[in-house]
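Just so you know, ligand 1 is whichever comes first in the structure, and atom 1 is the first atom listed for that ligand.
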Amino acid sequence: MAAPDGRVVSRPQRLGQGSGRGPKGRGACLHPLDSLEQKETQEQTPGQLDMLRKAQEFFQTCDAEGKGFIARKDMQRLHKELPLSLEELEDVFDALDADGNGYLTPEEFTAGFSHFFFRQNNPSQEDAGEQVAQRHKEKVYQSRGNEDLGDMGEDEEAQFQMLMDRLGAQKVLEDESDVKQLWLQLKKDEPHLLSNFEDFLTRIFSQLQEAHEEKNELEYALKRKIAAYDEEIQHLYEEMEQQIKSEKEQFLLKDTERFQARSQELEQKLLCKEQELEQLTQKQKRLEGQCTALHHDKHETKAENTKLKLTNQELARELERTSWELQDAQQQLESLQQEACKLHQEKEMEVYRVTESLQREKAGLLKQLDFLRERNKHLRDERDICFQKNKAATANTAASRASWKNRSGSVIGKYVDGRGILRSQSEEEEEVFSIPRRSSLGLSGYPLTEEEPGTGEPGPGGPYPRPLRRIISIEEDPLPQLLDGGFEQPLSKCPEEEEVSDQGAQGQIQEAPPLKLTPTSPRGQPVGKEAVCKEESSPSAPDRLFKIVFVGNSAVGKTSFLRRFCEGRFSPGMAATVGIDYRVKTVNVDDSQVALQLWDTAGQERYRCITQQFFRKADGVIVMYDLTDKQSFLSVRRWLSSVEEAVGDRVPVLLLGNKLDNEKEREVPRGLGEQLAKDNNLIFYECSAYSGHNTKESLLHLARFLKEQEDTVREDTIQVGHPAKKKSCCG
Ligand SMILES: Nc1nc2c(ncn2[C@@H]2O[C@H](COP(=O)(O)OP(=O)(O)OP(=O)(O)O)[C@@H](O)[C@H]2O)c(=O)[nH]1
Ligand SMILES: [Ca+2]
Ligand SMILES: [Mg+2]
């Protein structure tokens, strides 16, 4: 039974020890093995094989997963199946694990199993009853040993004690009686084995001591460790507590701070809100105040509104009444106007009739005068013959005649110079022919002896007198019809009129609505000093009269132009006009008779102030320049401004560039005249008194314009309160 390893040896001992502790553990452990033993004993060698088989079966039971080995855990699983405690199972495992690697191979298991099995079986190969008896014997033996102990010699006791002391068993063993008994038994039965046993015991005890020491050490280390752990844990606890405390404090601090901040914030907010609330309250109060004021205002306004409405209604009623009144007044005004118009027309007609009769009378008187002149001449001739001896007187007469032919001298000037003579002549005539004198008109007389150069033929009217130069009053002429004139016939249609009218109708002017035959013009009847019409063809009264003033530098041809227009002839070498002269000509403009009173002014500088006065009553103005004389054109502006000075821009102006026949000596290009006319809104023509070119056309243009303007004015006047506007004349 010598085991190389202490553990292997100690195994049965332990088992023995375990079995010694209680019948339960022992029974439980041995029971399965007991059955195996029994089977073995029944079949001798095959019994061993069977044991091996059983061992294998048991192994498989333990190694349920079939790993091929049994771990400590597998063994512990048997705790439920086997009536063994965990500790016991551990012990069994330790006993079977020969190499101590922590698991049991099948070989280890079988070996351990068989070893245990055979060790149990070998001492007695008897039947089970015998084994029980054996065990019983053992027990008896044990008790017997105890009894023997008392019989043990004292030296043996001392020897044993010595051994124990040597082994130091006191420290390890609590109860050494077993060992003592075994030792005694061995000493008695097999003393040769005693030394081995003692060696064995020595080894065992030394190992046990070692183990004990080791255990103590471990215990101590464990205690230390536990203490260290405890300390550490304590420390950790403390630290933790400290930390928790600090954290808590910090947290509290933070919380407090946060709380404070928050409360401050909230306080501020609250304050703000309070202020806002206060403001809002104030605002509300203000608004309430405003509301009240507005309410009050509203009431006031309402009352005022009502008042205003009433006023408005009243005013509306008044307005209605006024408008009715106005309408009435307008109707009255209209009827009055119509009446006035009628009266005016009647008056004009009457004037015209009176003038006509006067003119007829005058014509008769003039005829008488002519006759008397002839007579006078004749008488003078007779007287001349009578006084032929008086040479000086004859010579004087010749000189005076020569002076009359000079252009440079003013015809009137001459008259003025020889005023005494002329005056006496006139008086003489008046006395003789008892011509009523119209001193207010300032008629000075006729240059009876004057014959215009180049004018040989008398007028087609037979005893028609040559147009004579005369002076007329420079006063405003309210009754030109009373001027002494060379009328032979009443104002009547001239032969040229038809022509003029035809020319005018050449698409230039639309047909005007037929006008009343009775003169409707507010102006006086056209009465000129000189009759311009030589035909006595069915005299028809002109519808209206326009006064036209001729201006322009001296010698531009104003008088020549008038002569051409009125008489249809040109007389070269005309003398300069003195003061002012006028002619009347009736023209037909769009089926209406228009009488033109043409005022011929003197172009010479000294008569300017006289001319100026005539602009005021003019309906139209003709400004003439000589296109062969640059200076006369340059003066046009001056003439225009003096016209404007007198009448503003209300009268239409005709600009005439005369002497178109003399193209060779032209100094003023047509374009300049056109430009000037365009700039000043004038009617413009270039004409020739010499050839008669554009004389009628230009005047007819002006007459038509005046007529149309007057028509417009009349239409506007009918519409009450609308002032007439001046028409553009060149447009
Ligand atoms: N070649 C030509 N000569 C003209 C024409 N018209 C007038 N004359 C001449 O020009 C000169 C002046 O003519 P008037 O008619 O006396 O001139 P005026 O503008 O009346 O002059 P004042 O009375 O001094 O303002 C005369 O010798 C005319 O013969 C014309 O158309 N052609
Ligand atoms: Ca093993
Ligand atoms: Mg003249």
Side-chain angles (χ1 to χ4, degrees), residues 404-416 447 450-456 466-472 474 528-530 532 548-583 597-615 621-636 638-639 642-643 654-668 670 673 685-699:
W404 276 109
K405 294 190 179 179
N406 285 333
R407 155 110 192 139
S408 54
S410 163
V411 177
I412 300 302
K414 189 98 186 192
Y415 277 120
V416 170
E450 182 62 24
E451 268 201 17
E452 292 195 7
T455 320
R466 295 177 295 273
L468 300 170
R469 291 185 179 79
R470 20 198 162 230
I471 282 182
I472 54 164
I474 55 169
K529 281 188 296 178
E530 296 180 26
V532 283
I548 296 168
V549 178
F550 257 76
V551 290
N553 278 9
S554 182
V556 294
K558 296 183 291 294
T559 311
S560 302
F561 181 92
L562 275 177
R563 174 164 284 200
R564 165 60 77 187
F565 178 67
C566 294
E567 295 164 26
R569 61 198 176 101
F570 176 77
S571 321
M574 291 279 280
T577 308
V578 173
I580 202 149
D581 196 357
Y582 84 97
R583 290 160 191 265
Q597 199 176 52
L598 302 157
W599 291 84
D600 182 17
T601 65
Q604 284 172 335
E605 194 67 40
R606 50 188 156 145
Y607 301 113
R608 285 280 155 87
C609 55
I610 302 167
T611 310
Q612 191 81 13
Q613 296 179 52
F614 280 83
F615 291 140
V621 174
I622 297 175
V623 181
M624 186 178 270
Y625 67 89
D626 178 354
L627 55 79
T628 63
D629 175 18
K630 202 170 154 190
Q631 190 52 49
S632 71
F633 180 74
L634 292 175
S635 300
V636 169
R638 204 152 46 85
W639 283 112
S642 61
V643 169
L654 167 64
L655 178 65
L656 288 177
N658 194 30
K659 306 193 186 175
L660 185 62
D661 56 280
N662 200 356
E663 194 64 56
K664 276 182 280 172
E665 289 173 42
R666 184 194 269 273
E667 280 182 15
V668 184
R670 184 183 168 85
Y685 281 92
E686 278 189 342
C687 60
S688 168
Y690 175 77
S691 68
H693 180 78
N694 268 347
T695 48
K696 285 158 196 163
E697 290 84 342
S698 56
L699 261 175

Where ligand 1 meets T577 - atom numbers and elements under 4.0 angstrom, heavy-atom basis: 20 (O), 22 (P), 23 (O), 24 (O)

Pairwise distance CZ(R638) to CG(N553) - rounded to 0.5 angstrom: 6.5 Å

Inter-residue atom distance Q604.CD - I610.CD1, 0.5 Å rounding: 10.5 Å

Atom pair CD1/CH2 of I548 and W599 - distance to nearest 0.5 Å: 12.5 Å

Atom indices of ligand 1 within 4.0 angstrom of S688 heavy atoms, with elements: 31 (O)

Partners meeting side chain to side chain donor-acceptor pair (under 3.5 Å) with K659 (sequence neighbours left out): D626

Any N/O pair A602/ligand 1 closer than 3.5 Å: no

Shortest non-hydrogen contact from V551 toward T611: CG1-CG2, 3.5 Å

Nearest-option assignment for atom 32 (N) of ligand 1, heavy atoms, candidates N662, D661, T611: D661

Residue that, paired with L655, satisfies side-chain contact (heavy atoms from CB on, under 4.5 Å) out of W639, Y685, Y625: Y625

OH on Y582 to CD on Q597, rounded to 0.5 Å: 6.0 Å

Proximal atoms of ligand 1 relative to A689 (non-hydrogen, under 4.0 Å): 6 (N), 31 (O)

Candidate pair C687 and F565, rule side chain to side chain contact (heavy atoms under 4.5 Å, CB included), full reasoning: CA-CA 11 Å; C687 60; F565 178 67; over 6 Å; no

Selection from Q604, H693, K659 by shortest heavy-atom distance to atom 9 (C) of ligand 1: K659

Residue T559 vicinity, atoms of ligand 1 by number, heavy atom under 4.0 Å: 15 (O), 20 (O), 23 (O)

Which of the ligand 1 atoms, numbered from 1, are nearer than 4.0 Å to a heavy atom of A576: 23 (O), 24 (O)

Close N or O approach (G573, ligand 1; < 3.5 Å): yes

Side chain to side chain contact (heavy atoms under 4.5 Å, CB included) partners for S688, two or more places apart: L660, D661, Y690, S691, H693

Backbone or side-chain N/O/S of S554 under 2.8 Å of the Mg ion (ligand 3): no

Distance in Å, D600 CG paired with R563 CZ, rounded so as to fall on 0.5 Å steps: 10.5 Å

Structural part of D600 in contact with ligand 1, heavy atom criterion under 4.0 angstrom: neither

Close N or O approach (G603, ligand 1; < 3.5 Å): yes

Sub-4.0 Å heavy-atom contact, F561 with ligand 1: no

Numbering as shown, the atoms of ligand 1 that approach S560 to under 4.0 Å (heavy-atom distance): 6 (N), 7 (C), 13 (O), 14 (P), 15 (O), 28 (C)

Polar proximity ligand 1 side, A555 side, N/O cut 3.5 Å exclusive: yes

Where ligand 1 meets Y690 - atom numbers and elements under 4.0 angstrom, heavy-atom basis: 30 (C), 31 (O), 32 (N)

Presence of N, O or S from T577 under 2.8 Å of the Mg ion (ligand 3): yes

Any A575 heavy atom less than 4.0 Å from ligand 1: yes

Side-chain heavy atoms of N658 within contact of V556, under 4.5 Å: no

Interatomic distance, L598 atom CG to R583 atom CZ [nearest 0.5 angstrom]: 9.0 Å

Residue P572 vicinity, atoms of ligand 1 by number, heavy atom under 4.0 Å: 29 (O)

Geometric N/O contact F570 with ligand 1, under 3.5 angstrom: no

